[in-house]
2 protein chains.
Amino acid sequence: MNDRTAKSTAETPIRLLIVDDHPVVRDGLSSMFASAPGFEVVGEAADGAAALRLAKRLQPDVILMDLRMPGMDGLTAITELTRLGVTARVLVLTTYDNDTHVLPAIEAGATGYLLKDSPREDLLRGARAAARGEPVLSPSVAARLMNRVKTPAPQLLSQRELEVLELVAAGNTNREVAARLFITEATVKSHLLNIYAKLGVGDRAAAVAEAFNRRLLTPR
Amino acid sequence: MNDRTAKSTAETPIRLLIVDDHPVVRDGLSSMFASAPGFEVVGEAADGAAALRLAKRLQPDVILMDLRMPGMDGLTAITELTRLGVTARVLVLTTYDNDTHVLPAIEAGATGYLLKDSPREDLLRGARAAARGEPVLSPSVAARLMNRVKTPAPQLLSQRELEVLELVAAGNTNREVAARLFITEATVKSHLLNIYAKLGVGDRAAAVAEAFNRRLLTPR
DNA sequence: GTGGCGATCCACCGATCGGTGGATCGCCAC
DNA sequence: GTGGCGATCCACCGATCGGTGGATCGCCAC
């Protein structure tokens, strides 16, 4: 809460909050960054709840966040930070390069991740990149992200069926779809029944959801 | 179609297909990669249609693909390659670091992109990474990808409304939703009407689609 | 503690949807 | 050129959905 004016150096230092349940890790990271130029460690926390409190009060630029912690874990903390609109960039700290845990953190709002046992230079560079808002990702995680947006385009539905489904997703009634496609309402229903069979669903709402799941429809 | 056996070197070279409508660019890239160890340029094409034909016949490991071309453009060609199940990794070649054109290419199935005027070493490294299936992305494009999967979580719908919508998206009728939530069908409808009003839609199918668009529901 | 607001809950009714049972057309393999 | 298959097209009917018009409850600000 104390008013600090640290613009003596040419560049304002990057304010760090370190969150890890192991004191040894906290101390190690803290001393590493404290001794590096351009960084200032403004706080440490041992679990997600403490991290949330400190983040709100200290307004750090970058939060180094462990995922596995007692009490509120890192993923929940990141979700909360995002929900609260905290602007700090979150760098996830992982022990191993375990993608499956990292991806949900990215989706929750993390800017990237670092391995705890990365070389000192990598940690400093990653934190600086995060402070600039740049992602810090390994190729394997980046590849997983790409797969999430790639359209497999399995051509499961015919072109006409996809047209019908898109119009239904846009809120058109069967009659409106028919008018737009210059066919009768009965034909629209027939297409819809084929769509239901192909997608394994029983109504239009489930068909739309399944189409998004299968990337047949993509969020705009 | 000629049977080639190029396993004289310790490692099989990376087979490249170069696609660009400018002969100068093709020649430049071709000679650059031909003179580099570990690469073999197996073909060149001047537009998307030719690229498709050659890709199917030559089965290259990596395709260097320009986006702006007369006739079939690069984006369409990438979409077709993905649809046809061609296993070649596609590296998009861009003149400028214009993210907006690159992202759709990534979504269509490209492994990454390179700037045409990148240093020789970057081009070689990028092509090798692509051959291994690793993404080749600049931080700005990676950041855009991340934003696509991040959940803004605007808490637009109440918890109960989201529950109802999820059950509707799963194909439940109003009566089934009511039974699962231990409320009456009338209450389910009331929730749905509130959902429609909040999302600005008029029926359940459009509500599901809009929820995916706003990341209130996410593909599984 | 009172007002206001959103979330949650409920009943009745016309419009729409999904189910059943078909027909025609074009394309590809044999 | 014939068979088979999927895409596209169509009519009738019971079940479900969305629209209208409400009531109650809990929470927060004043």
Side-chain angles (χ1 to χ4, degrees), chain A residues 56 80 83-85 152-214 216-217, chain B residues 56 80 83-85 152-214 216-217:
Chain A
K56 277 186 282 192
E80 278 303 295
R83 200 177 63 76
L84 293 169
Q155 197 65 12
L156 176 64
L157 301 181
S158 71
Q159 189 55 42
R160 196 63 159 176
E161 287 165 349
L162 193 58
E163 274 183 281
V164 170
L165 189 55
E166 283 169 351
L167 289 170
V168 165
N172 292 284
T173 65
N174 290 348
R175 187 178 307 170
E176 288 164 347
V177 172
R180 280 172 174 264
L181 297 182
F182 303 106
I183 56 182
T184 70
E185 191 182 341
T187 306
V188 172
K189 290 177 173 182
S190 176
H191 285 306
L192 278 173
L193 287 180
N194 288 334
I195 292 169
Y196 300 161
K198 287 184 179 180
L199 296 181
V201 297
D203 63 53
R204 55 214 288 118
V208 169
E210 186 60 21
F212 274 100
N213 283 333
R214 301 199 191 191
L216 302 173
L217 295 176
Chain B
K56 277 187 282 193
E80 279 303 294
R83 200 177 64 76
L84 293 170
Q155 197 65 15
L156 176 64
L157 301 181
S158 72
Q159 189 55 41
R160 196 63 159 176
E161 286 165 349
L162 194 59
E163 274 183 281
V164 170
L165 189 55
E166 283 169 351
L167 288 170
V168 165
N172 293 283
T173 65
N174 289 347
R175 187 178 306 172
E176 288 165 346
V177 172
R180 281 171 173 263
L181 297 182
F182 303 105
I183 57 182
T184 69
E185 190 183 342
T187 305
V188 173
K189 290 178 174 182
S190 176
H191 285 306
L192 278 173
L193 287 180
N194 288 335
I195 291 168
Y196 300 161
K198 287 183 180 182
L199 296 181
V201 297
D203 64 53
R204 56 216 286 119
V208 169
E210 186 61 21
F212 274 100
N213 282 332
R214 300 200 191 190
L216 302 173
L217 295 176

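Keep in mind that this is a model prediction, so the values were computed, not measured. Letters A, B, ... mirror the listed sequences (proteins, then strands); counts begin at 1.
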Worksheet item: What is the distance, rounded to the nearest whole Å, between atom CG of B:L157 and atom P of C:dT8?
Response: 10 Å

Item to complete: Rounded off to whole Å, could you give me the CG-to-P distance for the B:D203 and C:dC17 pair?
Response: 8 Å

Discussion item. Determine whether A:V208 and A:R204 satisfy the following criterion, side chain to side chain contact (heavy atoms under 4.5 Å, CB included), listing intermediate values before the conclusion.
Written reply: CA-CA 6 Å; A:V208 169; A:R204 55 214 288 118; 5.5 Å; no

Discussion item. As an exercise, state the distance from CG of A:L157 to CG of A:L199, rounded to the nearest 0.5 Å.
Written reply: 5.0 Å

Item to complete: Report the distance from atom CD1 of A:I183 to atom P of C:dA23, rounded to the nearest whole Å.
Response: 20 Å

Worksheet item: How is A:L193 classified with respect to the nucleic acid when contacts are heavy atoms under 4.0 Å: base, sugar-phosphate, or nothing?
Response: base

Fill in: Any strand: nucleotide that pairs with C:dC30 via Watson-Crick or wobble, under 3.5 Å
D:dG1

Worksheet item: For D:dT8, does either OP1 or OP2 sit under 4.0 Å from a side-chain N or O belonging to A:S158?
Response: yes

Discussion item. Taking only side-chain N and O atoms of B:H191, does any of them lie within less than 4.0 angstrom of OP1 or OP2 on C:dA7?
Written reply: no

Response to the item:
Assert: residue with more 5' nearest nucleotide on DNA chain C, out of B:A186 and B:R160, is B:R160

Practice prompt. Return the value, rounded to whole Å, for the distance between atom CZ of A:F182 and atom C1' of D:dC10.
Written response: 19 Å

Discussion item. So, OP1 or OP2 of C:dA7: does either fall under 4.0 Å of a side-chain N or O from B:K198?
Written reply: yes

Worksheet item: Checking side chain to side chain contact (heavy atoms under 4.5 Å, CB included) against B:E185, which of B:V177, B:T173, B:N174 comes through?
Response: B:N174

Discussion item. If you assign B:Y196 and B:S190 each to the DNA chain D nucleotide with the nearest heavy atom, which residue ends up on the more 5' nucleotide?
Written reply: B:Y196

Worksheet item: Across the strands shown, which category fits B:T173 at heavy-atom distances under 4.0 angstrom: base, sugar-phosphate, nothing?
Response: sugar-phosphate

Discussion item. In this structure, how many angstroms lie between the C1' atom of D:dC10 and the NZ atom of A:K189, rounded?
Written reply: 11 Å

Worksheet item: Separation of B:E176 atom CD from D:dA15 atom C1', in whole Å?
Response: 12 Å

Worksheet entry | B:E176 side chain reached by B:L167 side chain, heavy atoms, under 4.5 Å | no

Worksheet item: Under 4.0 Å: is that the gap between some side-chain N or O of B:T184 and OP1 or OP2 of C:dC9?
Response: no

Worksheet item: D:dC13 C1' sits how many Å from A:E185 CD, rounded?
Response: 13 Å

Worksheet item: Within the structure, does a side-chain N or O atom of B:R204 lie under 4.0 Å from either OP1 or OP2 of C:dC17?
Response: no

Practice prompt. Please test A:T187 against A:T184 for side chain to side chain donor-acceptor pair (under 3.5 Å), starting from the C-alpha separation and ending with a verdict.
Written response: CA-CA 5 Å; A:T187 306; A:T184 70; 3.1 Å; yes

Worksheet item: For B:N174 and D:dT16, is the shortest distance between a side-chain N/O and OP1 or OP2 below 4.0 Å?
Response: no

Item to complete: Can you tell me the pairing partner of C:dC9 across any strand shown, Watson-Crick or G-U wobble, with both distances under 3.5 angstrom?
Response: D:dG22

Discussion item. Without decimals, in angstroms, what is the distance between B:L162 CG and C:dA7 P?
Written reply: 13 Å

